[in-house]
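Worksheet: the structure to be examined is printed underneath.
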Amino acid sequence: MSKFVIKGGKSLCGEVNISGAKNSAVAIIPATILANSFCILENIPNISDVHTMFQILKQMGATVEQLDATTYKIDATKITVTDVFFPQVGNMRASYYLLGALLGQKHTANVLMPGGCEFGERPINLHLKGFKALGAEYSVLGGLNASISVNAKRLVGSYIYMDVVSVGATMNIMLAAVKAEGTTVIENAAREPHVVDLANFLNMMGANIKGAGTSTVKITGVKELHGVTYSIIPDQIEAGTYMTAVAATHGKAVIKNIIPKHLEPISSKLVDMGIKVSVNYDEDSITVNAIEKFYACDVITAPHPGFPTDMQPQFVVLLAMAEGTGIIREQVWESRFQYVSELQKTGMDITIQSVKKKDDFLLIQGGKKLNGAEMTATDLRAGAAMIIAALCIDEESTISNIKFIERGYDDVIKKFRSLGADIQRIED
Ligand code: EPZ
């Protein structure tokens with residue numbers, strides 16, 4: 001069992017390069033199933049979720065060739081398998097994109113129930129509502145090999161209202177609708193950067209998607225999609241994680257290879273707390289300077305352009321290092337505070353205030369004396385938060401279950417070391 005050993009207490013300084021976006025890559029890779037020739041994908045992050053998706057595609061009959069550290073050539077035209085029951089499917093939530101891509105291209109799919117981080121209920125009813133609206137029939141089988149199957153004689157465009165803003169459902173319906181007959185409208189669509197990235201990729205392949213990034217996405221079906229060369233966007237959440245780590249340690253550093261617009265929800269919160277953030281538009285970089293005191297604030301997570309839920313655990317640590325009392329409300333997931341007990345081992349004063357289900361919030365009292373601790377990552381963003389916590393403490397801490405962290409953070413040791421962190425990976 002591997003773990004990280006971290007000796008904190010130093011301000012992070014220097015510069016770090018951001019990799020391609022995990023939540024773009026895990027949707028764009030299966031989207032290559034829709035192409036009538038090969039695709040070349042650039043700026044692909046070296047993370048386990050990406051390698052899992054490549055393994056699944058290869059077992060389905062696709063060829064995947066690595067051209068350099070971040071570039072892959074994928075030919076999914078030879079795929080014959082539409083019953084996707086490989087065990088890796090259960091390792092991540094993004095496996096559900098195989099449903100939309102196979103339905104869109106082959107009009108049939110049978111996929112093992114996706115896995116993913118445990119945040120309470122994680123339904124897929126909106127994905128299925130969209131597929132049904134396009135003319136597909138679906139069935140969900142429970143039990144040991146729980147799975148979802150979708151089939152359609154024809155896929156016909158439709159108006160689909162999303163009761164809840166859902167990133168996965170928005171992207172999955174896009175995948176199923178791009179080659180449907182006629183026009184599909186997704187109302188109350190998710191607006192995350194990776195939703196726009198998928199739409200841009202599909203449009204380069206010949207799709208006709210308008211309005212991605214707004215709440216209303218219009219998809220006019222086309223007959224064929226061709227292979228393209230496409231570079232995915234930098235990772236908004238990876239960038240936000242390093243920004244938060246620099247701030248929490250009262251450091252000053254440059255975060256490079258970013259899209260400033262994608263970071264606005266995070267940057268504006270840091271500025272609210274008295275942390276200096278400056279963007280260099282020429283160099284696509286952002287500088288965080290937190291050498292002065294900074295102050296607590298209130299945070300409410302929300303779909304983009306709101307404050308990202310995937311930055312919630314990291315910001316809890318930042319608030320624990322701030323002057324005053326901060327509040328964090330998690331409005332996207334039913335329960336995403338499982339990691340709090342791990343952070344409390346360091347002496348952080350974090351209490352969960354329960355009002356009613358899905359209305360819990362955290363009260364974080366900053367400025368406490370902290371101690372090193374043995375922590376266990378509960379999911380990838382909580383694991384990242386534990387790294388930040390350990391970096392703030394002038395003692396040794398360890399973090400186990402780092403496989404969660406390596407699902408979504410490329411070269412995490414090297415990147416934190418480039419900011420001066422004392423972090424080791426050891427085999428326990
Ligand atoms: C994506 O998950 C991300 N994962 C998550 O990031 C992220 O937390 C989430 O979007 C929100 O931004 C990937 O992109 C692989 P949702 P997803 O559908 O698509 C409810 C990370 O750390 N809902 O936007 O599963 C759902 O319960 C991961 O990178 C339904 O009710 O999230 C939740 O309350 C963790 N029915 C809300 O919508 C549905 O059919 C948002 O979920 C689907 C979702």
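Counting convention: from 1, in listed order, for ligands and their atoms alike.
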Electrostatic pair Arg407:Asp49 at N-O distance under 4.0 angstrom: yes

Test: Asp163 and Lys129 ion pair at under 4.0 Å: yes

Trp333 N/O under 3.5 Å from ligand 1 N/O: yes

Backbone of Thr108 reached by a side-chain donor or acceptor of Asn151 within 3.5 Å: no

Phe307 to Ile266 - nearest heavy-atom pair and separation: CE1-CA, 4.3 Å

Mode of Leu380 contact toward ligand 1 - side chain, backbone, both, neither (heavy atoms, under 4.0 Å): side chain

Heavy-atom side-chain contact between Ile6 and Ile387 under 4.5 Å: yes

Contact (N/O only, under 3.5 Å) between Val26 and ligand 1: no

Part of His304 within contact of ligand 1 (heavy atoms, under 4.0 Å): neither

Under-4.0 Å salt bridge between Glu334 and Arg336: no

Close N or O approach (Gly168, ligand 1; < 3.5 Å): yes

Which of the ligand 1 atoms, numbered from 1, are nearer than 4.0 Å to a heavy atom of His127: 40 (O)

4.0 Å heavy-atom contact, Pro123 with ligand 1: yes

Location of contacts on Asn125 toward ligand 1, heavy atoms closer than 4.0 Å: both

Tyr138 ring center near Phe131 ring center (under 6.0 Å): no

Carboxylate-amine/guanidinium contact Glu181 Arg154, below 4.0 Å: yes

Atoms in ligand 1 with a heavy atom of Arg93 nearer than 4.0 Å: 25 (O)

Close-contact set for ligand 1 against Val332 heavy atoms, below 4.0 Å: 33 (C), 34 (O), 37 (C), 41 (C)

Sub-4.0 Å atoms of ligand 1 with respect to non-hydrogen atoms of Lys22: 21 (C), 29 (O)

Heavy-atom proximity to atom 7 (C) of ligand 1, best of Asp310, Asp379, Leu126: Asp310

Glu330 heavy atom under 4.0 Å from ligand 1: no

Qualifying residue for side-chain hydrogen bond (donor to acceptor under 3.5 Å, both in side chains) with Tyr409, from Arg381, Glu238, Lys415: Arg381

Non-hydrogen atom of Thr170 closer than 4.0 Å to ligand 1: no

N/O separation below 3.5 Å, Asn23 to ligand 1: yes

Over 12 non-hydrogen atoms of neighbours within 6.0 angstrom of CZ in Phe38: no

Subset of ligand 1 atoms that lie under 4.0 Å from at least one heavy atom of Arg336: 8 (O), 22 (O)

Interfacing atoms of ligand 1 (cut-off 4.0 Å, heavy-atom, Val164): 38 (O)

Audit row: His127, Asn172, side-chain hydrogen bond (donor to acceptor under 3.5 Å, both in side chains) steps and yes/no: CA-CA 7 Å; His127 300 240; Asn172 229 350; 3.0 Å; yes

Side chain, backbone, both or neither: Phe404 near ligand 1, heavy atoms under 4.0 Å: neither

His262 side chain vs Pro193 backbone, donor-acceptor pair below 3.5 Å: no

Contact atoms of ligand 1, heavy-atom distance to Arg381 under 4.0 Å: 21 (C), 22 (O), 29 (O)

Where ligand 1 meets Ile124 - atom numbers and elements under 4.0 angstrom, heavy-atom basis: 39 (C), 40 (O)

